[in-house]
Amino acid sequence: MLDLGFVRGNLELVEEKLRARGADPAALLGDFLTFDQARRKAITNTEKAKARLNQLSQEVGALKRTGLDASSKMEDIRKVKEELDGMGMVSLALELGFRDLLASIPNLTRDEVPVGLSEADNLTVKTWGEKPAFDFEAKPHWELGKSLGILDLERAAKLSGARFAVYMGAGARLERALISFMLDMHTEKHGYTEVLPPFLVNSKSMFGTGQLPKFEDDLFKVEGSGLEQDISRNLSPGEFVFVPGHEGMFVVKRVIGSDVEVQLCKPKESTYQLTVPKSTLLYQRKLYLIPTAEVPVTNLYRDEILDEARLPICLTAYTPCFRAEAGAAGKDTRGIIRQHQFQKVEMVKFTRPEDSDAEHEKLTRNAEEILETLGLPYRRVLLCTGDTGFSSAKTFDLEVWLPGQQLYREISSCSNFESFQARRANIRYRAAGAKGKPEFVHTLNGSGLAVGRTWLAIVENYQQADGSVLIPEALRPYMGGLERITKSEVQ
RNA sequence: GGAGAGAUGGCCGAGCGGCUGAAGGCGGCGGUUUGCUAAACCGUUAUAGGGGCUAAAACUUCUAUCGGGGGUUCGAAUCCCCCUCUCUCCGCCA
């Protein structure tokens with residue numbers, strides 16, 4: 001989330017940066033200034049009335065204590081309250097609408113980020129390693145994995161459907177070895193602290209890192225079986241609720257004071273509307289499967305004020321990642337490039353604003369060192385404005401060489417979010433010395449690395465003429481000394 | 001799942017209808033003392049938003065905030081209801 005004052009004062013810059021991302025500033029910002037003014041006007045009005053109310057209450061108190069008649073003051077209070085009731089809905093609507101607007105503006109990309117709309121405009125910063133030269137035709141990992149008996153996509157489809165994988169034997173061990181190897185390298189060599197977070201998180205966490213509200217369709221949701229009542233919840237139109245005494249699921253149309261207008265939406269043969277008190281509604285508790293460890297790990301310090309002396313905080317976490325990626329149907333359907341579930345080792349940093357650039361470089365290097373230690377050729381790419389993620393100000397992708405497909409493929413994405421996530425998640429630090437107003441930290445993260453893609457990169461890059469796969473030196477201790485994966489007996 | 005206890009500022013902890021944005025302590029910051037450090041002493045120290053003033057700050061004023069939401073009341077940290085979370089005991093369980 002951007003700072004409101006900043007947007008107000010730098011509207012032209014914000015519009016320009018939005019255009020650079022390929023977004024339409026008019027659609028996103030609307031008439032920002034008019035909206036902002038209306039909102040502020042409403043705030044001023046209601047606050048003035050509230051001030052008057054507080055004033056009158058004091059006076060009533062004073063009168064009552066001295067035993068005098070306060071009925072005329074009470075009459076004044078009644079009038080102001082009526083006035084306030086009338087303004088309430090307007091300012092609430094404005095406030096909520098404005099907050100949504102602000103929350104749906106993507107981060108501003110840095111000036112050094114190349115302007116462009118697609119992958120084609122990304123800038124290759126460096127290239128490392130020699131592509132392996134084979135005197136035979138390199139095979140893709142799905143063929144090698146199948147013939148070696150270490151990857152079973154057919155049976156995975158039986159279990160869970162498309163875009164899931166079963167690893168067997170040395171294949172499973174390789175995945176596990178990679179996780180341990182990466183975590184050890186980050187904790188022992190790069191100075192990160194290991195974290196094992198929950199894989200299910202609430203919507204507040206998803207908001208904090210920017211997945212919600214815009215990208216709900218990309219997430220897997222888990223809804224509890226039991227219905228709960230939570231009248232403290234703020235309802236928003238479009239939300240699903242249950243009404244006791246009525247069959248089916250209802251959708252919220254609008255909120256009128258303490259009442260809610262709801263419409264039956266499932267089952268849908270015959271729909272009807274109801275207006276019921278908010279306090280009678282039931283909800284289903286909803287959790288989200290994490291799409292990356294970034295979500296739980298960054299939100300670790302949500303609503304906290306950190307000591308400057310603790311910064312930078314460098315954390316690394318292994319988690320499975322779950323992505324629905326509704327928009328990616330038909331893309332990368334072969335092999336394990338794009339899965340609904342994959343494993344990843346993630347690096348997350350919390351830094352002072354002035355350090356985030358240097359820490360971004362270090363973090364990217366830490367990911368590169370994994371690739372280098374494994375002997376996998378890669379290149380570093382600076383993403384262009386249109387390819388940079390919603391929350392990010394600047395992103396480097398690392399792309400590994402895949403000989404089976406003759407192309408470079410993203411294996412890590414290292415981003416500097418600056419204060420964008422910190423503002424959403426309210427993560428601050430107090431500077432020692434200076435007059436100690438808490439300031440937002442900068443957050444960063446990067447894959448170090450995507451384990452599934454590392455697995456397939458090793459299989460493709462280390463394949464031999466006989467169809468076996470050599471294990472990179474650095475990984476052998478994690479494989480019980482195994483030097484080569486050969487055809488498995490059990491299939 | 002059942003029964004009970006609790007949630008207050010950066011931290012600890014008091015308050016249980018108005019004078020409480022909140023005592024006291026710790027920590028932080030500024031100062032006095034000191035050859036330096038420590039100690040002692042004095043002062044200061046919440047966040048967000050709106051208005052005023054400003055080039056911008058500083059400053060000033062108002063509003064909100066004592067886990068979250070709602071209610072009672074002229075007035076709520078304080079009373080009532082609901083939710084969330086934490087702790088203790090029982091049950092179940094990897």
Side-chain angles (χ1 to χ4, degrees), chain A residues 1 3-10 35-85 87-88 90-92 94-96 98-99 102 198 201-205 224-236 241 244 255-260 277-287 301-311 422-441:
Chain A
M1 196 156 62
D3 177 64
L4 171 56
F6 180 87
V7 177
R8 189 184 292 146
N10 299 273
F35 205 158
D36 183 41
Q37 260 162 22
R39 171 184 159 273
R40 287 202 275 173
K41 183 108 187 151
I43 290 172
T44 308
N45 285 341
T46 53
E47 288 192 350
K48 267 188 186 155
K50 277 184 192 169
R52 172 126 181 84
L53 208 57
N54 290 343
Q55 168 75 31
L56 285 167
S57 293
Q58 297 249 335
E59 288 171 16
V60 168
L63 287 174
K64 288 214 163 168
R65 247 172 287 126
T66 49
L68 293 170
D69 172 50
S71 53
S72 93
K73 294 279 183 203
M74 306 269 264
E75 179 59 19
D76 288 347
I77 285 177
R78 203 189 52 77
K79 277 187 206 149
V80 180
K81 275 188 162 176
E82 246 169 43
E83 208 180 302
L84 212 47
D85 274 349
M87 294 188 274
V90 181
S91 37
L92 185 70
L94 278 169
E95 194 60 44
L96 292 179
F98 198 71
R99 213 170 49 194
L102 203 60
V201 299
N202 57 29
S203 59
K204 242 186 164 173
S205 300
S225 52
L227 294 177
E228 300 176 12
Q229 191 177 42
D230 181 2
I231 61 171
S232 66
R233 276 252 311 264
N234 281 319
L235 277 172
S236 44
V241 293
V255 182
I256 314 141
S258 61
D259 288 340
V260 185
K278 188 182 167 192
S279 59
T280 61
L281 296 177
L282 296 173
Y283 306 84
Q284 226 157 31
R285 175 176 166 162
K286 199 196 281 180
L287 290 171
Y301 297 118
R302 189 173 72 223
D303 294 320
E304 288 192 33
I305 299 179
L306 306 166
D307 276 339
E308 187 179 24
R310 287 178 66 189
L311 303 178
R423 194 170 288 110
R424 291 172 87 96
N426 191 29
I427 307 170
R428 295 170 296 173
Y429 79 101
R430 199 185 297 280
K435 248 211 153 188
K437 271 224 169 189
E439 249 186 277
F440 291 114
V441 297

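Any value given below was found using the heavy atoms of this structure, including those in side chains, with hydrogens, waters and symmetry copies removed. Sequence lines set the chain letters: A, B, ... in the order given, protein chains first and strands last, and positions in each chain run from 1. These numbers come from a predicted model, not from an experiment.
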Name the nucleic acid region contacted by [X], choosing base, sugar-phosphate or nothing; use a 4.0 angstrom heavy-atom cut-off, strictly under.
X      : result
A/R8   : sugar-phosphate
A/R423 : nothing
A/I43  : sugar-phosphate

Exercise for the section: Using heavy atoms to find the nearest nucleotide of RNA chain B for A/K64 and A/D36 separately, return the residue whose nucleotide is more 5′. Expected result: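 Its nearest nucleotide being more 5', the pick is A/D36.
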Provide the distance between the two [atom1] atoms, one in [N] and one in [M], to the nearest whole Å.
N     : M     : atom1 : value
B/G35 : B/C26 : P     : 27 Å
B/C82 : B/A23 : C1'   : 32 Å
B/U65 : B/A7  : C1'   : 16 Å
B/U84 : B/C93 : C1'   : 24 Å
B/A64 : B/G69 : C1'   : 15 Å
B/G6  : B/G67 : P     : 13 Å
B/C66 : B/G10 : P     : 13 Å
B/U72 : B/G17 : C1'   : 12 Å

Base-pairing assignment for [N] (Watson-Crick or G-U wobble, both under 3.5 Å):
N     : value
B/U34 : none
B/A22 : none
B/A56 : none
B/U63 : B/A48

Problem - Donor-acceptor under 3.5 Å (A/D3 side chain, A/F6 main chain) - result: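 A pair under 3.5 Å: yes.
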Problem - Value in whole Å for how far the P atom of B/U84 lies from NZ of A/K204 - result: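 In whole Å, B/U84 P and A/K204 NZ are 15 Å from each other.
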Problem - Atom pair distance, as rounded to whole Å: CG in A/L287 and C1' in B/U84 - result: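 That distance rounds to 13 Å.
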Handout entry: A/R40 vs B/G51: side-chain N/O to OP1/OP2 distance below 4.0 Å
Key =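 So the side chain of A/R40 is within the cut-off, an N or O lying under 4.0 Å from OP1 or OP2 of B/G51.
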Problem - Selection from B/G50, B/U47, B/G75 that lies nearest to any side-chain heavy atom of A/T44 - result: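 So the side chain of A/T44 is nearest to B/G50.
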Practice task
Kindly point out which of B/G10, B/U47, B/C74 is positioned nearest to the side chain of A/R428?
Solution key: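 Ranking B/G10, B/U47, B/C74 by closest atom to the A/R428 side chain puts B/U47 first.
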Problem - Residue pairs fulfilling ring pair (Phe, Tyr, Trp, His ring centres under 6.0 Å) with at least one residue in residues 35-68 of chain A, sequence neighbours excluded - result: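 Output for this query lists A/F35-A/F98.
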Practice task
Ignoring hydrogens and angles, state whether a donor on the side chain of A/N202 or A/S205 is under 3.5 Å from an acceptor on the partner side chain.
Solution key: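 Yes, because at least one side-chain N or O of A/N202 sits under 3.5 Å from a partner of the opposite role on A/S205.
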Handout entry: A/E82 bridged to A/R78 by N-O distance under 4.0 Å
Key =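 Counted as a salt bridge, because a side-chain N and a carboxylate O are separated by less than 4.0 Å.
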Exercise for the section: Not counting sequence neighbours, which residues clear salt bridge (charged side-chain N to carboxylate O under 4.0 Å, His left out) with A/D36? List them please. Expected result: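 With neighbours one apart ignored, the set is A/R8, A/R39, A/R40.
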What pair of heavy atoms forms the shortest contact from [X] to [Y], and how long is it?
X      : Y      : result
A/R302 : A/I427 : CA-CG1, 3.9 Å
A/P438 : A/I305 : CG-CD1, 4.1 Å
A/T46  : A/L84  : O-CD1, 3.7 Å

Is there any protein nitrogen or oxygen under 3.5 Å from a nitrogen or oxygen in nucleotides 61-66 of chain B, and what are the pairs?
residue : atom : partner : partner atom : Å
B/U63   : OP1  : A/N54   : ND2          : 3.0
B/A64   : OP2  : A/N54   : ND2          : 3.4

